[in-house]
Student: 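I have a structure here, written as structure tokens, and I will follow up with some questions on it.
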Amino acid sequence: MGTRNYRRKTSHSEHGAGDGGRTGSWRVERPVLDRNLCIPCKRNKEACFICWLFCPDVVISRTIPPTINLEYCKGCGICAEECPTKAITMVDEAKFAEEDKE
Amino acid sequence: MQAKSTILSLPTEELVHPGTRACTGCGLSIAYRVGLKALGRDTILVVPPSCLTVLQGLFPVASTKLPCLNVTFASTAAAAAGILATLKAQGNEHTTVAGWAGDGGTSDIGLQALSGAAERGDNFIYFCYDNEGYMNTGVQRSGTTPIGAITANTPFKGKLQQKKDVPAIMAAHHLSYVAACSAAYPLDLYDKIKNCLALPGTKYFHIHIPCPPGWGYDPRYGIKIGRLAVETGYYDLYEIVNGEFKLTAASEKLIEKRKLVPVREYFRAQSRFRTLTEAQIGDIQKTIDEKWAGYYKKDE
Amino acid sequence: MHIIENGNAAAALGVKLCRASVIAAYPITPQTPLTEKLSEYVESGEMKAEYIPVESEHSALAVCIAASSAGARTFTATSANGLLYMHEQVQWASGARLPMVMCVVNRAVGAPWNVWNDQQDSISQRDTGWIQIYCADHQQIIDTVIKAYWLAEQVSIPVMVCYDGYILSHTFMPFDLPDQEQVDSFLPPFQPDYFLNPQDPANLNTVTLPDVRMDVRGELAHGYMEIRCLLQEDLRKALQTAAEAEKRFAGIFNRGADPYIEPYRCDDAEHVAVGLGSITYQMRVCVDQLRTEGIKIGVMGVRYYRPFPDEAIAAALKGKKGVIVVEKALSYGYEGALMSDLKSALYEHLAGTGSLPVVQNFIAGIGGREIRTDDLTQTLRAAAKGRVSKEPVWIGLRL
């Protein structure tokens with residue numbers, strides 16, 4: 001398949017997610033949220049969201065509960081490190097791989 | 001009036017897509033994401049080769065929802081001037097033009113064009129994201145690599161020279177606005193951008209950017225390390241508005257505290273400083289203490 | 001309207017008539033009077049444009065690249081080392097397919113420093129993907145600037161309008177100044193396919209992979225090689241567009257000629273002298289003299305150097321006994337670049353026809369060395385008699 005009729009004659013990029021592919025596959029550890037410790041979950045109101053502020057990869061939502069987009073989360077662990085109540089734990093991906101098999 | 005944002009007052013709209021090629025725990029990704037929120041949708045970006053070129057995406061996919069012109073390494077500020085001139089010719093007085101360059105693209109190869117644009121007073125915002133080295137090409141020393149840092153071309157002794165003080169160089173151009181920020185303090189960055197948007201001429205932002213592969217630390221500690229740089233008084237958050245210097249955010253609070261975290265803690269958290277001796281750290285601590293003695297004196 | 005002005009003023013007047021809206025320039029001799037003139041037009045309000053006095057030639061082209069990407073009709077001009085300092089940006093402008101126009105006021109390059117005329121500067125930019133046009137007098141300068149904008153915008157390829165420093169830039173000649181209405185009817189406002197715009201965001205000139213890749217709509221987008229190949233294809237096709245430009249121009253201004261070459265007394269000639277720029281008009285004087293001596297010789301100016309009008313050149317030289325290429329530049333280590341290109345065109349179109357002329361190469365006027373008409377005549381006279389040397393011969397050399 002060729003590109004002869006492609007609209008552009010030069011490098012003209014249009015925006016979309018996942019330029020780097022499914023970057024979730026880079027992850028070694030997965031962030032897991034404990035709602036019992038998460039401030040907005042506990043208070044059931046907009047609060048804290050430090051995890052959202054510091055997420056480099058735009059994968060945490062500013063919602064109750066905050067959700068983590070695992071398709072793209074690279075597993076840096078900044079959210080876990082910065083969470084004031086330690087509500088996020090980084091868990092070895094190998095553990096989930098075993099679960100997926102079961 | 002100085003705006004004071006909170007996490008909840010930041011816009012939820014994201015102008016960067018997930019799934020970029022940036023490294024895990026990239027400090028630039030945080031500063032860029034928040035910076036674009038402050039700039040808003042009515043913005044045209046200019047980017048020279050740098051980590052951001054990679055983060056922005058490879059043809060034909062872009063990770064940023066704003067229009068962006070990729071330009072040659074030395075020409076960020078001149079290209080911004082070209083876009084501005086065009087907007088002016090088109091009668092467009094609302095669109096913001098923002099250059100985002102790395103520390104090499106700013107302090108080394110891009111300094112001439114930046115100085116030219118600043119001297120002419122071209123009305124745009126220039127962001128230098130300073131991860132203190134040529135990280136995109138594999139961690140070589142730049143003009144802003146600090147003394148003592150091991151890089152790919154200062155492999156054994158670490159860099160022997162001082163970090164170039166680019167904000168001071170830019171302040172010497174009599175700009176309406178110069179700011180020093182950090183990826184670890186995104187709200188301070190957000191507020192500073194908002195506060196300078198209406199100011200005339202060239203506005204210069206220097207942003208300290210923790211870089212896991214370049215600095216040598218576990219990505220999860222990026223914010224902690226960025227914060228340590230500030231709490232040790234090693235890197236200061238400030239703004240210079242029409243010539244008036246003022247510490248901001250956590251740096252401003254350090255004035256009241258009159259107590260700095262020992263800089264050793266900052267150095268020991270990163271492998272790039274592994275060859276710094278206690279004596280060298282002592283010398284750097286002395287320099288920091290003298291700088292802060294000056295700040296305290298001004299405050300009295 | 002006929003006026004008498006210098007070559008730089010002719011270029012500046014052309015740029016004004018074309019309504020360029022963003023101009024950036026850095027001073028270098030002998031370009032300076034051109035950009036000074038433009039700054040006068042802008043500051044006096046005679047011309048509605050932004051004039052950016054940049055801090056280097058690299059930035060001059062950076063401003064034009066960005067302005068053109070944002071939808072402006074742009075202009076810059078330079079000479080010699082200024083052009084060389086731009087080199088990276090020169091490549092960038094064509095790779096980004098920006099229809100800008102730049103005047104190169106030809107001057108020798110350092111080292112050693114020399115401010116006088118030759119054409120080493122623009123010839124060294126031959127392979128950058130720009131259209132290169134050479135002018136031989138002031139009328140050609142102003143007309144070429146106007147045609148260059150139309151052509152550039154038709155094919156999305158930047159154009160270098162080259163003319164000899166001092167010999168053309170600083171001498172006064174009468175020429176016809178086109179009127180604004182005519183120019184406006186020839187050259188409509190610039191309407192780019194895309195311009196940087198927050199309402200329709202795109203990321204331009206991003207890293208492009210060696211291979212093709214799917215875009216966000218699921219269409220297969222080009223790799224780097226396809227983008228580069230399209231530049232080559234479009235440059236070759238631009239020869240056709242250049243002919244259209246000439247035709248359109250002639251229709252409005254009642255003057256025009258062969259777009260690619262400018263032959264003089266070539267029809268019955270056995271020998272043809274070939275060159276770029278003002279030297280070809282000087283050679284007309286030599287040819288007139290040699291004709292009185294019974295030597296059947298003509299002269300041909302090459303106007304388009306890139307894209308190279310190989311077919312037109314070969315057709316014009318077919319059946320000639322000898323071709324004498326006189327150049328103000330050199331591909332050091334071999335011969336004049338025009339010489340090589342011309343021989344390659346002759347080989348391509350005439351090999352095996354039995355009508356391949358003997359081609360000789362002369363180098364003249366390097367670093368502003370005066371080209372005495374008598375010397376030039378003597379050179380052509382000797383060359384018409386037979387091959388002088390296998391290597392390029394330097395005219396007026398005192399080694």
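Each chain gets a letter, A, B and so on, in the order the sequences are listed, and its residues count up from 1. Just so it is clear, the values below take in all heavy atoms, side chains as well, and ignore hydrogens, waters and symmetry mates.
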Student: So which part of Thr10(A) gets closer than 4.5 Å to some heavy atom of chain B, the side chain, the backbone, both or neither?
Tutor: backbone
Student: Taking NZ, NE, NH1 and NH2 as the nitrogens, is one of them in Glu82(A) or Arg220(B) under 4.0 Å from a carboxylate oxygen of the other?
Tutor: no
Student: Determine whether Tyr129(B) and Thr106(B) satisfy the following criterion, side-chain hydrogen bond (donor to acceptor under 3.5 Å, both in side chains), listing intermediate values before the conclusion.
Tutor: CA-CA 9 Å; Tyr129(B) 65 91; Thr106(B) 302; over 6 Å; no
Student: Return the set of residues passing side-chain contact (heavy atoms from CB on, under 4.5 Å) with Cys26(B) (not counting sequence neighbours), or none when no residue passes.
Tutor: Ala22(B), Leu28(B), Ser29(B)
Student: Measure distances from Thr12(B) to the heavy atoms of chain A and classify the residue's part below 4.5 Å as side chain, backbone, both or neither.
Tutor: both
Student: Taking ring-ring contact (aromatic ring centres under 6.0 Å, His included) as the test, write out the residues that go with Phe273(B), two or more places apart.
Tutor: Phe267(B)
Student: Based on non-hydrogen pairs under 4.5 Å, which of Pro212(B), Ser63(B), Pro186(B) is most in contact with chain A?
Tutor: Pro186(B)
Student: Just give me the residue among Lys37(B), Arg33(B), Gln56(B) that pairs up with chain A most often, heavy atom to heavy atom, under 4.5 Å.
Tutor: Arg33(B)
Student: If you count heavy-atom pairs under 4.5 Å with chain B, which of Cys76(A), Gly24(A), Ala80(A) comes out on top?
Tutor: Cys76(A)
Student: Can a salt bridge be assigned to the pair Asp191(B) and Lys4(B) using a cut-off of 4.0 Å between side-chain N and carboxylate O?
Tutor: no
Student: Quick check for you: among Gly222(B), Ala184(B), Pro60(B), Pro67(B), which has the greatest number of heavy-atom pairs under 4.5 Å with chain A?
Tutor: Pro60(B)
Student: As an exercise: rank Leu66(B), Asp218(B), Leu10(B) by heavy-atom pairs under 4.5 Å with chain A and give me the winner.
Tutor: Leu10(B)
Student: Assign the ring pair His208(B) / Tyr235(B) to parallel, tilted or perpendicular, where the plane angle (0 to 90°) is split at 30° and 60°.
Tutor: parallel
Student: If the threshold is 4.0 Å, N to carboxylate O, is there a salt bridge linking Lys224(B) and Glu265(B)?
Tutor: no
Student: So which of Asp57(A), Val58(A), Thr23(A) has the biggest tally of heavy-atom pairs under 4.5 Å with chain B?
Tutor: Val58(A)
Student: May I ask you to name which of Ser11(A), Gly16(A), Gly18(A) has the most heavy-atom pairs under 4.5 Å with chain B?
Tutor: Gly16(A)
Student: Counting heavy-atom pairs closer than 4.5 Å to chain B, which one of Ser61(A), Cys55(A), Gly21(A), Cys73(A) comes out on top?
Tutor: Cys55(A)
